[in-house]
Chemist: 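The structure's right below; bear with me while I get my questions together.
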Number of protein chains: 2
Amino acid sequence: MLLFWRHGYDATSISLLTEGMGIGAPSLYAAFGDKRALFKEALDRYMSSYGSFMVRSLQDEPDPRAAIENLLLGAAAMFTGGEHPPGCMIITAATNCGPDSAAVEKRLRTIRAGTVRAFEEKIASGGRSLPKGSSAHSLALFFSATLQGMSAQARDGATREELEAIVRAAVGAWPA
Amino acid sequence: MLLFWRHGYDATSISLLTEGMGIGAPSLYAAFGDKRALFKEALDRYMSSYGSFMVRSLQDEPDPRAAIENLLLGAAAMFTGGEHPPGCMIITAATNCGPDSAAVEKRLRTIRAGTVRAFEEKIASGGRSLPKGSSAHSLALFFSATLQGMSAQARDGATREELEAIVRAAVGAWPA
DNA sequence: CTACATCTGTATCGTTCGTTACAAATGGCC
DNA sequence: GGCCATTTGTAACGAACGATACAGATGTAG
């Protein structure tokens, strides 16, 4: 999973995987069947471990603005966590891909679209007033873009403190 | 250039390039010498054409906040322009790359770091007061992350109007 | 210890990658 | 028209890709 996370789907070769997992190629194919299937497995593991803080943030905090802020702060911490690649796997694992991996790209894009929708529902749920001239949809897109920008910044070497400063600026767009 | 922009450096094969340019492989190598050199050429063309609005926005508008806002609005228009791939080439062309194209990734990363620095200088230049508890550096990182997020959203199919809504939310983080 | 099912390691498949050698074709100049 | 430099298209190079065939090793049941 860490290899797919770091190098993306296309750039992670089978030899890299077998070397990193310490097994031979036939064992890998016997256990998972395919490179796409292995990626799907890795993606599920990612979402239920490293990525679980997102759905948890949205569920645990009833106030929409605080929930979004908690989510982004959690992302600032996770994206810069030391023991794994920086940034978000769902955002970065299939951005430059050839025509053969279009299915993987589409899968990740669908997940991201679901995130935007979850943001939108959360924002619209509470009775909290929205900033003037903005809708739940546009705010959801803004925070989703912030999340993607934070992932990119983490990949470019930003520290946790810098990402947290980005979060403070972003939630400043939604006055308390 | 459009092929590198759309598919990224690694995923753009020589056969795709020769097919798209309508020439044979030897002509390509005689004219540019190398795949990296061709990418560098394409990158220069991109920055002096599609990407030129950025430096122009920062130079033409003296007020830092208005300059950043103009830049982001220009990006919203450019990223969704119909006749070329969505998003920003400097942000997306080398995100998933193997070890052979690490030099290209580093080059783009350096350009992005220069953008952050240009933002920071512009923000610090005017006498405009900063939002409470933020520095020119953190604001520059925030707007840079916004730009990268907008590029990702454009790649995911966001429209110009949606990106403009993101810009309105982002500049709202910096009260007039 | 023997027999059998499962797993692992080596070697290889066909394909595509970036790159180049070579020959045919093209263009200007006399 | 004839000559030469240049450009082009065809074919091929070694390497690495995703994916497998096959033989040897391993573990368990009797």
Chemist: Just the rounded figure in Å: distance from C1' of dT10(D) to CD1 of I23(B).
Modeler: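 Result: 16 Å.
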
Chemist: Quick one, which residues of residues 6-15 of chain B touch DNA chain D with a heavy atom under 4.0 Å?
Modeler: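 Going residue by residue through residues 6-15 of chain B, none turns out to have a heavy atom under 4.0 Å of DNA chain D.
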
Chemist: Which word best sums up how the rings of W5(A) and H84(A) line up, parallel for under 30°, tilted for 30 to 60°, or perpendicular for over 60°?
Modeler: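 Aromatic pair W5(A)/H84(A) classed parallel.
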
Chemist: Does the side chain of M150(A) come within less than 4.5 Å of V167(A)'s, by heavy atoms?
Modeler: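 Yes. Closest side-chain heavy atoms under 4.5 Å.
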
Chemist: Rounded to the Å, how far apart are Y29(B) OH and dT10(D) C1'?
Modeler: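 After rounding, the reported distance stands at 16 Å.
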
Chemist: Across nucleotides 21-27 of chain C, 5' to 3', mark each nucleotide with B, S or - according to how protein heavy atoms within less than 4.0 Å reach it.
Modeler: B------

Chemist: Measure CG/D34(A) against C1'/dA19(D) and give the value in whole Å, please.
Modeler: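 Roughly 9 Å, once rounded to whole Å.
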
Chemist: Let's see if you can work this out: which of dT20(D), dG18(D), dT19(C) has an atom nearest to the side-chain heavy atoms of A25(A)?
Modeler: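 Among dT20(D), dG18(D), dT19(C), the one nearest the side chain of A25(A) is dT20(D).
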
Chemist: Round to a whole Å and report the spacing from CG of L17(B) to C1' of dC17(C).
Modeler: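 Rounded to whole Å, this separation is 12 Å.
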
Chemist: OP1 or OP2 of dC7(C) less than 4.0 angstrom from a side-chain nitrogen or oxygen of S27(A), does that happen here?
Modeler: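 Negative; the distance criterion is not met.
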
Chemist: Please give, in whole Å, the distance from dG18(D) P to D100(A) CG?
Modeler: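 For the pair D100(A) CG and dG18(D) P, the rounded distance is 9 Å.
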
Chemist: Would you say the side chain of F142(B) lies within less than 4.5 Å of the side chain of S134(B), judging by non-hydrogen atoms?
Modeler: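 No, side chains not in contact.
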
Chemist: Is there a donor-acceptor contact under 3.5 Å from the side chain of S48(B) to the main chain of D44(B)?
Modeler: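 Yes; judged by distance alone, with no hydrogens or angles, the pair exists.
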
Chemist: Could you state the atom-to-atom distance from CG of L16(B) to P of dT15(C) in whole Å?
Modeler: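 To the nearest whole Å, that distance equals 19 Å.
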
Chemist: Is the positively charged end of K35(B) above the ring of Y9(B), judged by distance under 6.0 angstrom from the centroid and angle within 45° of the axis?
Modeler: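 Judged by the rule (NZ or CZ under 6.0 Å from the ring centre, within 45° of its axis), K35(B) counts as positioned above Y9(B).
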
Chemist: Could you go through N96(A) and D10(A), starting from their C-alpha distance and side-chain angles, then the distance that decides it, and tell me whether this counts as side chain to side chain contact (heavy atoms under 4.5 Å, CB included)?
Modeler: CA-CA 8 Å; N96(A) 304 142; D10(A) 269 0; over 6 Å; no

Chemist: Find the distance E19(B):CD to dG9(D):P and express it as a whole number of Å.
Modeler: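 About 14 Å, once rounded to whole Å.
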
Chemist: With a 4.0 Å cut-off, would you call E164(B) and R160(B) a salt bridge?
Modeler: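 R160(B) and E164(B): salt-bridged.
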
Chemist: To the nearest Å, give me how far apart CG (L28(B)) and P (dC17(C)) are.
Modeler: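 Computing the L28(B):CG to dC17(C):P distance gives 14 Å.
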
Chemist: Without hydrogens or angle criteria, can the side chains of R45(B) and S49(B) be said to hold a donor-acceptor pair below 3.5 Å?
Modeler: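 Looking only at side-chain atoms, S49(B) and R45(B) do not form any donor-acceptor pair under 3.5 Å.
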
Chemist: In this structure, would Y46(A) and V55(A) fall into the same cluster of hydrophobic residues linked by side-chain contacts under 4.5 Å?
Modeler: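 The answer is no; the residues belong to distinct hydrophobic clusters.
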
